[in-house]
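This report concerns only the one structure given below.
Below, each value reflects all heavy atoms present in this structure, side chains not excepted, and no hydrogens, waters or symmetry copies. Just so it is clear, the model here is predicted, and its values are computed rather than measured.
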Amino acid sequence: MSLHILCIGGAYLVPALKRLGHAILTAHASPQADLPTPHPFTVRQLLRRLESLEFRPDALFCGDDGNLPLLLDPENAPWPSVRYSIDTYCNPWHVPYGHGFDVSLVAQKDYVPLFTDAGIKAAWLPLFCPQQPLPETDFLSRDIPVSFVGTLGHKNNPDREPFLKAFRARHPLVILSGDYTVIFNRSRIVLNQTAAAEVNFRCFEAMSCGAALLMETSPNGLDELFTPGEELLPTYPRNDARAAANIAAAALAKPEQLAEIAQAGRRAVSRRHTDTVRAASLAHILAGLCADQAHKPRLEVELERRAALVRAAYGMLSSELTGPQWTKYREFFEKLCLNTL
């Protein structure tokens, strides 16, 4: 079943949805969006903009893009709707905001109960890697033993930089920020360290590039997605640089066995964890919501309650926006919370 899907926010599944034959209209802050939306908007404002287009959505998908919410009153959306929460660990407002949608999808398995316990229909949808043809490389010719590519000094992860420095004091480590593709394709091992023991994008990206993943021991379904010791290296205790360095050294001393783990990881990702696989899951969920007309109870019976809970999300959000640079945003969301805007 081909759907017309309005995608607000993160557009990471848009290419895959299009490959699967769905018609997509994007709305986000970038000028490259079909509907560039640098400022938050209401459903009424959205509908006015859609009137000038020949696009009639069947369903709405709101993707977490790590920013403040774009759609201010999602409970009023006149289509079945799904929201994807990725960075739930540092955005507790995602939970009450989820009341504005018919289903919340959650990237980290252990955070799903936060939604379901609040009475929100929610399911686990793990992260993924782009389905793109990457060149096959001779593993034994890779010239970077261990690498890390990611953000340093982020306020949500103060442990990262000390951990990486402690690792590098015990074992050579290439540390960079920016595009991961070239470095991961030259690496035998990719070291991962996360903000909250989450199964983050780096897991899937490293394995898709044919590197062996060295990951901290993680809940959030890691052992359900991959088999440690077979599809990724044995995991290390969180922030234990000594243990991580020892695992890396032992693995590099057995290059043929390390290559087998890297190849098994790449196969696992390419078969089970691409954006195409996730987009197919999303489309199936959206099609089911459309068939059930899942938005009707939200609009006809539950609207007042859901609107109040979404406003509570803005109260939580405003309390998190501390510092003078956030004053106008804090005041804006306070007014939304109090329904005085």
Side-chain angles (χ1 to χ4, degrees), residues 12 66 86-87 89-90 107-108 126-130 132 134-135 137 139-220 222 225-226 228-229 231-255 258-259 261-266 268-269 273:
Y12 29 74
I86 294 177
D87 292 332
Y89 71 91
C90 62
Q108 305 303 325
L127 294 176
F128 47 88
C129 66
Q132 54 188 0
L134 294 173
T137 59
F139 185 84
L140 298 181
S141 70
R142 292 179 176 230
D143 61 338
I144 299 177
V146 188
S147 70
F148 175 89
V149 179
T151 304
L152 302 179
H154 196 283
K155 65 177 182 178
N156 290 327
N157 193 353
D159 294 332
R160 173 168 291 168
E161 198 162 359
F163 168 78
L164 295 177
K165 289 180 178 178
F167 183 100
R168 191 158 61 180
R170 294 170 172 83
H171 193 283
L173 174 66
V174 172
I175 303 174
L176 294 170
S177 297
D179 183 21
Y180 65 86
T181 309
V182 172
I183 299 302
F184 285 1
N185 273 289
R186 291 172 53 193
S187 301
R188 295 192 177 192
I189 295 174
V190 167
L191 177 63
N192 195 14
Q193 188 272 354
T194 73
E198 74 273 21
V199 184
N200 58 10
F201 273 117
R202 192 178 297 105
C203 293
F204 304 92
E205 293 164 350
M207 298 166 83
S208 74
C209 291
L213 176 66
L214 177 52
M215 173 68 174
E216 63 197 340
T217 302
S218 173
N220 290 305
L222 177 66
L225 298 170
F226 305 107
E231 295 171 328
L232 72 162
L233 291 169
T235 59
Y236 64 90
R238 179 167 171 78
N239 291 330
D240 189 334
R242 182 184 299 275
N246 288 341
I247 293 170
L252 290 165
K254 300 178 180 179
L258 180 60
I261 291 174
Q263 290 164 6
R266 184 169 186 166
V269 165
H273 305 299

Item to complete: Please assess Asp87 against Asn156 for the test side chain to side chain contact (heavy atoms under 4.5 Å, CB included), listing each intermediate value before the final yes or no.
Response: CA-CA 11 Å; Asp87 292 332; Asn156 290 327; over 6 Å; no

For [X], all residues meeting side chain to side chain contact (heavy atoms under 4.5 Å, CB included), sequence neighbours excluded:
X      : answer
Ala250 : none
Asn239 : Asp159, Phe163, Gln193
Pro219 : Asp110, Ala197
Arg186 : Asp143, Ile144, Val182, Ile183

Just verifying a value: how many Å separate [X] [atom1] and [Y] [atom2], rounded to the nearest 0.5 Å?
X      : Y      : atom1 : atom2 : value
Ile247 : His171 : CD1   : NE2   : 11.5 Å
Phe139 : Ser187 : CZ    : OG    : 9.5 Å
Thr235 : Asp240 : OG1   : CG    : 11.0 Å
Met215 : Cys203 : CE    : SG    : 4.0 Å
Leu232 : Ile261 : CG    : CD1   : 8.0 Å
Tyr12  : Ile86  : OH    : CD1   : 3.5 Å

Grab the two heavy atoms, one from [X] and one from [Y], that are nearest each other, plus how far apart they are.
X      : Y      : result
Val146 : Pro172 : CB-O, 3.9 Å
Pro158 : Pro162 : O-CD, 3.2 Å
Gly210 : Ala262 : O-CB, 3.3 Å
Leu173 : Arg168 : O-CD, 3.3 Å
Val149 : Arg202 : O-NE, 3.0 Å
Ala243 : Pro237 : CB-CD, 3.8 Å

Worksheet item: Does any pair with a residue in residues 191-200 pass salt bridge (Lys or Arg N to Asp or Glu O under 4.0 Å), and if so which ones, sequence neighbours excluded?
Response: none

Donor-acceptor pair, side chain of [X] and main chain of [Y], under 3.5 angstrom:
X      : Y      : value
Arg188 : Leu140 : yes
Arg142 : Ile189 : no
Thr217 : Tyr236 : yes

Among all residues two or more places apart in sequence or in another chain, which pass the side-chain hydrogen bond (donor to acceptor under 3.5 Å, both in side chains) test with [X]?
X      : value
Ser218 : none
Thr151 : none
Asn200 : Asn192
Glu216 : Thr194, Arg238

Worksheet, complete the sentence: ring-ring contact (aromatic ring centres under 6.0 Å, His included) filter on Phe226, not counting sequence neighbours, yields Phe204, His273

Discussion item. If the condition is salt bridge (charged side-chain N to carboxylate O under 4.0 Å, His left out), which residues does Lys165 pass it with, not counting sequence neighbours?
Written reply: Glu161

Fill in: Side-chain touch Leu233/Leu258, heavy atoms, less than 4.5 angstrom
yes

Worksheet item: Leu191 versus Ile175: any side-chain heavy-atom pair under 4.5 Å?
Response: no

Item to complete: Keeping to residues at least two apart or across chains, list the ring-ring contact (aromatic ring centres under 6.0 Å, His included) pairs with something in residues 174-196.
Response: Tyr180-Phe184

